Trainee: 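To start, I am sharing the structure in question, which I have written as structure tokens.
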Amino acid sequence: MSTPYWGPDFGALAAFDPDIAGVVTDELDRLRGGLQLIASENFTSPAVLAALGSTLSNKYAEGYPGRRYYGGCEVVDRAEEIGIARARELFGAEHANLQPHSGANANLAAYGAFLRPGDTFLGMALPHGGHLTHGATVSFSGKWFNAVQYGVDPATEHIDYDQVRDLAREHRPRMIVAGGSAIPRLIDFAVFREIADEVGAVFMVDAAHFIGLVAGKAIPSPVPYADVVTFTTHKVLRGPRGGAIVCKAEHAKAIDKSAFPMMQGGPLMHAVAAKAVNFKECLQPAYQDYARQVVANAQALTAGLAEEGLRPVAGGTDTHLALLDLQETGVTGAEAEARCGAAGIVLNKNAIPFDPQPASVASGIRVGSPAVTTQGMTEGDMATIASLIGTAIRDVDGSRTAEVAAGVRELVEARPAYPEPARAV
Ligand SMILES: *Cc1c(COP(=O)(O)O)cnc(C)c1O
């Protein structure tokens with residue numbers, strides 16, 4: 001602690017490179033000026049940003065604490081050791097690896113630990129709520145492995161566990177993957193575990209989307225059920241952009257060797273340190289209040305949107321996100337995204353299960369509550385947002401854009417993202 005902290009110096013950036021400084025400030029204005037309802041986004045804290053903007057970015061640290069391929073790692077080792085200990089405490093996990101640069105990398109590392117090219121695994125189809133890395137043909141996961149895809153039951157729009165069991169019995173996969181990017185309901189990890197045990201498969205949960213709700217004890221944890229849990233650290237969890245893996249002790253060696261050197265080179269030590277900061281935040285009691293409010297807000301938003309004539313896929317949400325079917329409104333997902341965007345409501349078009357439209361058009365939208373909840377918004381605000389979205393979506397000629405934008409402005413001025421710190425007088 002003898003040297004002063006050499007942290008982000010925005011003045012230096014602004015003086016040297018006004019172009020990029022302008023991007024940084026414009027993006028902050030954009031975040032503050034609209035409603036961020038992208039379900040995978042959040043506002044990370046100044047403490048996390050400080051770790052990210054630190055000189056830890058300079059250090060090469062291939063390997064793991066105490067066993068590096070470079071000298072001078074004794075300081076950054078502490079960041080990774082602290083982060084691993086916090087991750088294990090937070091998730092009750094036997095082992096943690098914080099090195100994956102992203103969620104996709106975490107999945108590649110997990111596959112690399114258990115699968116060989118050509119091996120069979122079972123994953124959820126992207127158009128049903130899964131993720132690209134769960135076997136989509138455009139992804140390494142679909143190109144390098146024999147990816148068998150399950151989906152949701154057309155009647156309930158919940159995961160079709162009977163189909164999962166049937167496909168597992170038929171294809172005898174080496175691995176079964178649960179999780180996805182547009183699954184509003186809870187996943188029954190016990191059923192997946194049972195199916196995996198029956199066919200002798202490794203059970204992996206990709207908890208990228210909902211791990212923050214697990215950390216905040218708002219929903220059940222997959223950690224006791226799964227052999228390996230991969231996740232991102234930047235979604236509900238609210239940490240830096242990145243990935244991580246927790247697993248049973250028996251898989252620790254395989255996972256570590258797969259993350260490095262199989263999948264990546266040197267870890268991003270500034271990001272590893274920022275993950276450690278984020279885990280400390282998640283261990284505070286206030287984070288559990290946050291996680292509960294995220295779910296309450298998602299449910300309030302979904303109920304409000306249902307009143308606006310948008311049909312919640314799977315009947316609603318137990319998590320931070322909802323998928324809305326717009327077919328009864330006659331508006332496509334792409335049109336809805338554009339109309340909301342024009343008024344400062346940022347959300348994404350999303351395929352719904354059995355969508356008749358191509359993914360570039362889509363019949364649905366996906367909304368999430370993590371960012372607006374970080375701003376301090378509550379159920380009453382969600383009702384207002386739902387009504388603004390309803391107005392924007394039905395606004396064919398843009399005649400009500402200004403009115404919706406004014407409603408958005410009122411909300412974000414009352415509860416700003418990244419409020420200016422109170423100045424000492
Ligand atoms: C977001 C996400 C990922 C990928 O994370 P990136 O950091 O964008 O690579 C992987 N799996 C699921 C389920 C996700 O939602």
Side-chain angles (χ1 to χ4, degrees), residues 36-42 44 48 52 97-112 121-136 138-142 145 147 149-152 159 175-187 189 192 203-215 219 221-223 226 228-247 255 258-259 263-264 267-268 271-272 274-275 278 294 298 317 319-323 347-351 353 359 366-371:
Q36 312 303 326
L37 299 179
I38 305 279
S40 49
E41 293 183 5
N42 211 334
T44 204
V48 168
L52 273 180
N97 186 308
L98 307 186
Q99 296 197 1
H101 302 341
S102 71
N105 287 27
N107 288 348
L108 178 52
Y111 296 166
F121 81 95
L122 214 55
M124 190 163 182
L126 177 65
H128 283 224
H131 188 262
L132 278 168
T133 56
H134 296 185
V138 293
S139 149
F140 69 86
S141 60
F145 305 107
Q149 304 272 273
Y150 62 86
V152 299
I159 293 169
M175 189 183 227
I176 298 178
V177 181
S181 297
I183 305 174
R185 293 301 197 176
L186 297 180
I187 298 168
F189 304 121
F192 271 105
F203 177 35
M204 165 175 150
V205 174
D206 178 350
H209 251 273
F210 59 83
I211 194 73
L213 302 178
V214 173
I219 65 170
S221 172
V223 173
V228 55
V229 177
T230 60
F231 55 96
T232 55
T233 47
H234 51 271
K235 296 180 182 175
V236 185
L237 197 66
R238 209 163 58 182
R241 185 155 296 274
I245 303 173
V246 296
C247 66
I255 287 292
S258 193
M263 190 268 301
Q264 278 178 183
L268 313 175
V272 169
K275 289 170 192 174
N278 169 234
V294 166
T317 182
T319 63
H320 61 296
L321 72 86
L323 198 57
L347 47 74
N348 61 282
K349 63 175 180 276
N350 210 104
R366 189 185 66 164
V367 293
S369 57

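One-based numbering, in listed order, for ligands and for the atoms of each. Quantities reported herein were computed from a predicted structural model and do not represent experimental measurements.
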Trainee: Which residue is it: Y150, F203, Y111? I am looking for the one with a ring pair (Phe, Tyr, Trp, His ring centres under 6.0 Å) to F121.
Mentor: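 So, applying the ring pair (Phe, Tyr, Trp, His ring centres under 6.0 Å) to F121 and each of Y150, F203, Y111, only Y111 qualifies.
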
Trainee: Please assess L186 against T319 for the test side-chain contact (heavy atoms from CB on, under 4.5 Å), listing each intermediate value before the final yes or no.
Mentor: CA-CA 7 Å; L186 297 180; T319 63; 4.3 Å; yes

Trainee: Out of D206, T133, N105, whose heavy atom sits nearest atom 13 (C) of ligand 1?
Mentor: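 The residue whose heavy atom sits nearest atom 13 (C) of ligand 1 is D206.
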
Trainee: Can you find an N/O atom of S181 closer than 3.5 Å to an N/O atom of ligand 1?
Mentor: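 Yes, there is a polar N/O contact under 3.5 Å.
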
Trainee: At a 4.0 Å cut-off, with the gap strictly under it, does some heavy atom of G180 reach an atom of ligand 1?
Mentor: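 Yes; G180 lies near enough to ligand 1 that a heavy-atom distance drops under 4.0 Å.
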
Trainee: T232 heavy atoms, cut-off 4.0 Å: which ligand 1 atoms fall inside?
Mentor: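 Taking each heavy atom of T232 in turn, ligand 1 has 5 (O), 7 (O) under 4.0 Å.
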
Trainee: Have a look at ligand 1 and work out which part of R241, if any, has a heavy atom under 4.0 Å from it: side chain, backbone, both or neither.
Mentor: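 Answer for R241: neither.
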
Trainee: For A104, which part has a heavy atom under 4.0 Å from ligand 1: side chain, backbone, both, or neither?
Mentor: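 Both backbone and side chain.
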
Trainee: Report the nearest protein non-hydrogen atom to atom 3 (C) of ligand 1: residue, atom name, distance rounded to 0.1 Å.
Mentor: H131 NE2, 3.2 Å

Trainee: Pair H131, D206 - check side chain to side chain donor-acceptor pair (under 3.5 Å), show working.
Mentor: CA-CA 9 Å; H131 188 262; D206 178 350; 5.0 Å; no

Trainee: So if I count the atoms of ligand 1 from 1 in the order they appear, which ones are less than 4.0 Å from some heavy atom of A208?
Mentor: 2 (C), 11 (N), 12 (C), 13 (C), 14 (C), 15 (O)

Trainee: Applying side-chain contact (heavy atoms from CB on, under 4.5 Å) to F231 and V246, what does each step give before you reach the verdict?
Mentor: CA-CA 9 Å; F231 55 96; V246 296; 4.1 Å; yes

Trainee: Looking at ligand 1, does K235 have a heavy atom less than 4.0 Å from it?
Mentor: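 True for this residue.
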
Trainee: Show which atoms of ligand 1 fall inside a sub-4.0 Å distance from at least one heavy-atom site of H234.
Mentor: 7 (O)

Trainee: Which label fits F140 and F145: parallel for a plane angle under 30°, tilted from 30 to 60°, or perpendicular past 60°?
Mentor: perpendicular

Trainee: Roughly how far apart are L126 CG and M124 CE, rounded to 0.5 Å?
Mentor: 10.0 Å

Trainee: Rounded to the nearest 0.5 Å, how far does CE of M263 lie from CG of N107?
Mentor: 9.5 Å

Trainee: Among protein heavy atoms, which lies nearest atom 6 (P) of ligand 1, and at what distance?
Mentor: G103 N, 3.4 Å

Trainee: Is there a side-chain contact between I245 and V228 in this structure, where contact means two heavy atoms from C-beta onward sitting under 4.5 Å apart?
Mentor: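 Contact flag for I245/V228 side chains = yes.
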
